[in-house]
Amino acid sequence: MFGKGKTCHFAAVPERYLAECNLVVLGVMGSGKSALTVKFLTKRFISEYDPNLEDIYSSEEMIDHQPVMVKVMDTADQDGPVNCERYLSWASGFMVVYSIDNMQSFKGCQRYLEALALHRKALHLDVPVLLLGNKVDMERHRQVSKSEGASLAARFGGQFYEVSACLDFLSVQRVFHDAVREVRRE
Ligand code: GDP
Ligand code: MG
């Protein structure tokens with residue numbers, strides 16, 4: 001028997017709140033955008049990936065004890081920042097990739113940073129941008145110094161990382177998770 005005055009509460013079960021974070025990976029062809037994206041999603045290094053394939057992938061992640069649906073747009077521009085509309089309004093954050101063994105890719109990523117800076121200024125947006133120097137396993141063929149990378153990132157107000165899609169998974173994961181953390185801070 002229920003005692004008088006006792007009430008029974010049926011708490012509505014709230015749908016689990018799952019935030020979304022849309023990350024766009026930019027950079028010239030061959031810098032390793034797909035390899036980094038695939039590594040983050042599968043923990044594997046895939047050495048050959050269709051260079052023209054552009055797609056959006058999703059992964060449910062737990063970052064700092066908070067669930068988040070991370071969507072990654074792995075872009076495949078042929079010729080620098082063109083038709084940027086497809087991702088400018090979609091993105092919560094950008095990762096601009098170059099390859100430390102290729103100065104051309106470093107020059108190419110400056111064009112992306114400039115395009116993003118213009119967009120941010122025009123729309124008064126503060127979407128985080130991370131600069132990634134990929135292929136640190138190719139140290140002996142390095143053409144872009146760490147300090148050149150760091151000062152470019154500082155010039156555009158972004159975080160800077162050096163990584164490798166073919167070395168350990170955790171350091172690649174950390175970059176993607178830090179991108180989400182930057183987005184959360186905004
Ligand atoms: P994307 O055009 O920017 O998507 O570049 P891909 O991911 O297709 O990579 C271009 C080439 O660089 C491929 O041959 C990859 O195997 C290679 N690559 C990508 N990341 C790394 C890396 O971290 N280290 C090395 N040594 N090669 C890499
Ligand atoms: Mg690719």
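Side chains included, hydrogens not; waters and symmetry mates left out as well; all remaining heavy atoms used. Note that ligands are numbered from 1 as they come in the structure, with each ligand's atoms numbered from 1 the same way.
- Asp137 OD1, 2.8 Å is the protein heavy atom nearest to atom 24 (N) of ligand 1.
- Protein heavy atom nearest atom 9 (O) of ligand 1, with residue, atom name and distance: Gly32 CA, 3.7 Å.
- Counting only heavy atoms of the protein, atom 15 (C) of ligand 1 lies nearest to Ser47 O, 3.2 Å.
- Between Ser31 and ligand 1 there is a heavy-atom distance shorter than 4.0 Å.
- A salt bridge links Glu54 to Arg86: one of the charged nitrogens lies within less than 4.0 Å of a carboxylate oxygen.
- Relative orientation of the His177 and Phe40 rings is perpendicular, given thresholds of 30° and 60° on the angle between their planes.
- Classification of the Tyr98-Phe160 ring pair by plane angle, with boundaries at 30° and 60°, yields parallel.
- Proximity of a side-chain donor or acceptor of Asp64 to a complementary backbone N or O of Gln66 within less than 3.5 Å is not detected.
- With hydrogens and angles ignored, the 3.5 Å screen pairs no side-chain donor or acceptor of Ser31 with any backbone N or O of Ser99.
- Taking a cut-off of under 4.0 Å to the non-hydrogen atoms of Ala35, the atoms of ligand 1 that pass are 7 (O), 19 (C), 20 (N).
- Those atoms of ligand 1 that come under 4.0 Å of a heavy atom in Glu48, given as number and element, are 14 (O).
- Assignment of Gly30 to the shell around ligand 1 is supported, since a heavy atom sits closer than 4.0 Å.
- Judged by the 6.0 Å and 45° rule, Lys43 forms a cation-pi pair with Phe169.
- With hydrogens and angles ignored, the 3.5 Å screen pairs no side-chain donor or acceptor of Glu114 with any backbone N or O of Arg111.
- Within the coordination shell of the Mg ion (ligand 2), defined by N, O or S atoms under 2.8 Å, Thr37 is absent.
- Atom 27 (N) of ligand 1 has as its closest protein heavy atom Lys135 CD, 3.8 Å.
- Residue Met29 approaches ligand 1 through these ligand atoms, each under 4.0 Å from one of its heavy atoms: 2 (O).
- Using a 4.0 Å cutoff on heavy atoms, Leu36 does not count as a contact of ligand 1.
- Counting heavy atoms under 4.0 Å from ligand 1, residue Val28 touches it through the backbone alone.
- Taking every non-hydrogen atom of Ala165 and a distance limit under 4.0 Å, the qualifying atoms of ligand 1 come out as 20 (N), 22 (C), 23 (O).
- The protein heavy atom nearest to atom 20 (N) of ligand 1 is Asn134 ND2, 3.2 Å.
- Residue Met138 has at least one heavy-atom neighbour below 4.0 Å for each of these atoms of ligand 1: 26 (N).
- The main-chain N or O of Lys39 is never found under 3.5 Å from a side-chain atom of Thr42 such that the two would form a donor-acceptor pair.
- For Ser164, heavy-atom contacts with ligand 1 shorter than 4.0 Å involve the backbone as well as the side chain.
- Ion pairing between Arg185 and Glu182 holds under the 4.0 Å rule for side-chain N and carboxylate O.
- No donor-acceptor pair closer than 3.5 Å links the side chain of Asn134 to the backbone N or O of Val97.
- Between Glu186 and Arg181, no side-chain nitrogen of the basic residue sits less than 4.0 Å from a carboxylate oxygen of the acidic one, so the salt-bridge criterion is not met.
- For atom 3 (O) of ligand 1, the closest non-hydrogen atom on the protein side is Lys33 NZ, 2.7 Å.
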